[in-house]
Amino acid sequence: MRDPSQILPRTRLLLAGAGGLRYKEPRHRHIDDKLRDDLSAAIDDQRRADVESILEYALWGLLFEDLRLASRALAALAPHDGVWAVRIAAARVVLRSHQGSDLLGVPDLAPGAPEVHDAVRVESMLVTLSASRSRARPEEIAGLLAELTRLDTEGTLEAPGSPPLLRALLRVQLAIAHLHAGSSAVALAHLAVAARLADSCATLHRSILAKSATVHVLRGNLVEARRQLRRFDRVAGEIPPGWARALREEQALAEAMMLVERFDAHDPEMEWPEVEASDDLWPVTALLRARHALLERSPMRALEIVEFAEATHPGWNSLFAQDVVAAMKAHAHLQLSEPDRARQVLTHAPQGPLVVLATAHMHMYVGDAGAARELATAVLDARRAALPSGLRHCSCASGRMP
């Protein structure tokens, strides 16, 4: 008799017994025709237990490799409560973060469904991190991230046996949360771990590399950003049609950010990528568009961009969002020859790196080159600072320190 593991060499081990189909997956494999057929048959035959068993390990791969089938399977589990309500909420977070929209096509989290459950601890963290970005105050987010960092340092952050793709998705959400909290170096450490965990899923792997490139540009490291984009291009594996657009947009965002960094004046012959981004990264898109407007000597347009971004994301008061909005407003006012208005904006803003650099610009504008140099040097020195010791093990897994 053949070894069952040889019958399905590229997917999870399928065991058939009195309890129905059970899938056991030690690490992610590509979603193949056998799994699709098994899942479709279980859906058609209304074998809920079999659908749950397959989705328990295959859901996160299906989201990136066969979203339509994932939606059918989740719809077959309605009404959703308990662990599946939490998993569906987490799936929505994933799609909004990586695709910019929720294309799941299944009902929302059931009223009264638990948001925390031992069986879906990682999924619950995904939902909590996403909600915190648009609802919590910066100090609350800092407390949440400090607690998650403590769990990570102790090795208890991820539930034992969680699928690698789910753990990668948690790292992506942690990276986005740290970026919004003003810790881009820690964000890169989490993205490095996520890329390693997702290296067998081409779609997710590319998405993570594009995000990493964008964060490197934000830190002024164009060499490393280009390296991440080269890795993006070299990832092997077919990209499902439903994901091609989202990946192109993530790649375009990083490339456009690099163009803004490289040019001090607008080149009318330059072709700029068309850029969109998910709500998770709206401050990056606002920063890009505002800086592009300033290169074109259109300060009023830059003000419109950041004020519109602010108005369409009420409640998003993260340190990063405040840093972007205040800094771009200040640069625009200086271009309009309004240093007093720029000073007023900067005085009431958190002292993030972009605000400090805008303050340096203001000092240069009024003729205080010494103060400007001191502020700019302080920002550069801070960006070269090492990671907090508790997070160093994250980046070491990638083979280099961000």
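In this chain, numbering begins with 1 at the start of the sequence shown.
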Please confirm whether the backbone N or O of [Y] pairs with a side-chain atom of [X], one donor and one acceptor, at under 3.5 Å?
X    : Y    : answer
T214 : A210 : yes
H361 : L357 : no
R87  : V120 : no
Q351 : A349 : yes

Ring geometry between F320 and H180 (parallel below 30°, tilted from 30 to 60°, perpendicular above 60°) | perpendicular
For [X], which of [options] qualifies under side-chain contact (heavy atoms from CB on, under 4.5 Å)?
X    : options          : value
R171 : L191, I176, V193 : V193
L169 : V93, V94, L63    : V94
L148 : L174, T153, L170 : L174

Any side-chain heavy-atom pair of M258 and L229 under 4.5 Å | yes
Should L67 and L62 count as side-chain neighbours, where that means a heavy-atom distance under 4.5 Å?
-> no
Minimum heavy-atom separation for [X] and [Y], please, with both atom names.
X    : Y    : value
L319 : P350 : CD2-CB, 4.1 Å
F64  : W60  : CD1-O, 3.2 Å
D280 : S97  : OD2-OG, 2.7 Å
A342 : M362 : C-SD, 4.4 Å
V51  : A73  : CG1-O, 3.8 Å

Do H205 and F232 have ring centroids that are under 6.0 Å from one another?
-> no
Taking only residues two or more places apart in sequence, or in another chain, which ones meet R373 in a side chain to side chain donor-acceptor pair (under 3.5 Å)?
-> none
What pairs meet the salt bridge (Lys or Arg N to Asp or Glu O under 4.0 Å) rule with one or both residues in residues 310-323, with sequence neighbours excluded?
-> E310-K329
For the pair S162 and R167, evaluate side chain to side chain donor-acceptor pair (under 3.5 Å) and give the outcome as yes or no after the intermediate values.
-> CA-CA 7 Å; S162 295; R167 288 154 50 206; over 6 Å; no
